[in-house]
Amino acid sequence: MDYAKQYQEYLARANHALEKACETFLPEESEVCRAARYSLLGGGKRIRAVLVLAVCDMLNGSAEAAEQFAAAVEMLHCYSLIHDDLPCMDNDDFRRGRPSCHKQFGESTALLAADALVTAAFEVIAHADLPAESRVEAAAILAKGGGARGMLYGQELDKHYETIRATEDQLLELHRNKTGALIIVAVELGCTAANAAPALRKALV
């Protein structure tokens, strides 16, 4: 199968998984949930989700679990984008060609929508169709990669170097955390969905 066709199939699976997660964990009756869905379902390349699915497929793992993990990592990624766009961060009025969440729903609702997404991401993992040990492992992977030793640290560095000239090594550290951490998370979640052996997991990440 050629790359473009395979990517579109993974993209469709990822989007379907996100829609299912929204139906369960982000009910439209809530304004905060509507704001979260606005940002989450508003398009995007879904690179992290596609990586989860591709790694799991390569390792002949659980497709259903991989789709749930793919949704979780995209939800956490989306929360970070909503926060990035806020006036206190990058102050961006647009995201993917339309008003950013805080411009569409207001700053306080956008803040809560991002919070709803990050907590729902862990709900998705908690309900994944895998043994408890694998769900705990997946939650730990997502928390570490998205937290103060991963993506959030990268965001901290990004803010720091807005006013201070960074060296090449410092820029690499910034991007390794801000962007790279969730890429690694996606690969690790694909391994977890497939119950990959430690040596194989190490080789892939």
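Along the sequence shown, the residues carry numbers beginning at 1.
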Residue pair [X] / [Y], side-chain heavy-atom distance below 4.5 Å:
| X | Y | answer |
| --- | --- | --- |
| V52 | Y10 | no |
| V136 | E133 | no |
| I82 | H102 | no |
| I141 | L189 | yes |
| S100 | K103 | yes |
| T179 | M151 | no |
| M75 | Y79 | no |

Looking at every heavy atom in both [X] and [Y], which two are closest together, and how far apart are they?
| X | Y | answer |
| --- | --- | --- |
| A138 | F69 | CB-CZ, 3.5 Å |
| L152 | Q155 | CD2-OE1, 3.0 Å |
| S62 | A65 | OG-N, 3.1 Å |
| G150 | N177 | O-CB, 3.2 Å |
| Q170 | T167 | OE1-N, 2.8 Å |
| C101 | A35 | SG-O, 3.7 Å |

Between [X] and [Y], is there a shared hydrophobic cluster once you connect ILVMFWY residues whose side-chain heavy atoms come closer than 4.5 Å?
| X | Y | answer |
| --- | --- | --- |
| V124 | V185 | yes |
| V187 | I184 | yes |
| L142 | L18 | yes |
| L40 | L182 | yes |
| V118 | V73 | yes |

Just list the side-chain donor-acceptor pairs under 3.5 Å for residues 190-205, sequence neighbours left out, or say none.
residue : atom : partner : partner atom : Å
T192    : OG1  : E137    : OE2          : 2.8
T192    : OG1  : E188    : O            : 3.0
T192    : OG1  : R201    : NH1          : 3.2
R201    : NH1  : E188    : O            : 3.3
R201    : NH2  : E137    : OE2          : 3.0

Under 4.5 Å side-chain heavy-atom separation, chaining through any Ile, Leu, Val, Met, Phe, Trp or Tyr, what else clusters with [X]? Say none if it is isolated.
| X | value |
| --- | --- |
| V32 | L112 |
| L86 | L111 |
| F105 | Y38 |

Are the side chain of S39 and the backbone of A36 linked by a donor-acceptor contact shorter than 3.5 Å?
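Absent.
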Could you tell me whether a side-chain N or O of S80 sits under 3.5 Å from a main-chain N or O of H77, the two making a donor and an acceptor?
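Here the side-chain-to-backbone pair exists.
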In terms of the angle between their ring planes, are Y3 and Y7 parallel, tilted or perpendicular, with boundaries placed at 30° and 60°?
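The rings of Y3 and Y7 lie parallel, inter-plane angle below 30°.
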Working to the nearest 0.5 Å, report the span between [atom1] of [X] and [atom2] of [Y].
| X | Y | atom1 | atom2 | result |
| --- | --- | --- | --- | --- |
| E19 | H16 | CD | NE2 | 7.5 Å |
| L26 | L117 | CG | CG | 6.0 Å |
| C88 | E107 | SG | CD | 6.5 Å |
| R135 | Q68 | CZ | CD | 9.5 Å |
| Q104 | T109 | CD | OG1 | 11.0 Å |
| E9 | L53 | CD | CG | 11.0 Å |

Please determine whether a side-chain nitrogen of the Lys or Arg among E31 and R34 lies less than 4.0 Å from a carboxylate oxygen of the Asp or Glu.
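Yes, E31 and R34 are salt-bridged.
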For H127, check ring-ring contact (aromatic ring centres under 6.0 Å, His included) against everything at least two apart and list the hits.
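By the ring-ring contact (aromatic ring centres under 6.0 Å, His included) rule, H127 matches F25.
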With sequence neighbours excluded, give me every salt bridge (charged side-chain N to carboxylate O under 4.0 Å, His left out) pair touching [range].
| range | value |
| --- | --- |
| residues 160-182 | D158-K178, K159-E162 |
| residues 112-130 | none |
| residues 40-58 | R13-D57, R46-E74 |

Does anything in residues 86-97 pair up under side-chain hydrogen bond (donor to acceptor under 3.5 Å, both in side chains), and if so which pairs, sequence neighbours excluded?
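Applying side-chain hydrogen bond (donor to acceptor under 3.5 Å, both in side chains) to every pair that reaches into residues 86-97, excluding sequence neighbours, yields D85-R95.
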Report the residues that fulfil side-chain hydrogen bond (donor to acceptor under 3.5 Å, both in side chains) with E64, sequence neighbours left out, ordered by chain and then residue number.
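Residues passing side-chain hydrogen bond (donor to acceptor under 3.5 Å, both in side chains) with E64: none at all.
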For R149, enumerate each residue passing the side-chain hydrogen bond (donor to acceptor under 3.5 Å, both in side chains) test, keeping only those at least two apart in sequence or located in another chain.
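If we apply the side-chain hydrogen bond (donor to acceptor under 3.5 Å, both in side chains) test to R149, skipping adjacent residues, there are no hits.
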More than 12 heavy atoms of other residues, nucleotides or ligands under 6.0 Å from OH of Y153: is that the case?
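No, not enclosed.
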Taking salt bridge (charged side-chain N to carboxylate O under 4.0 Å, His left out) as the test, write out the residues that go with D84, two or more places apart.
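Scan of D84 (salt bridge (charged side-chain N to carboxylate O under 4.0 Å, His left out), adjacent residues dropped) gives none.
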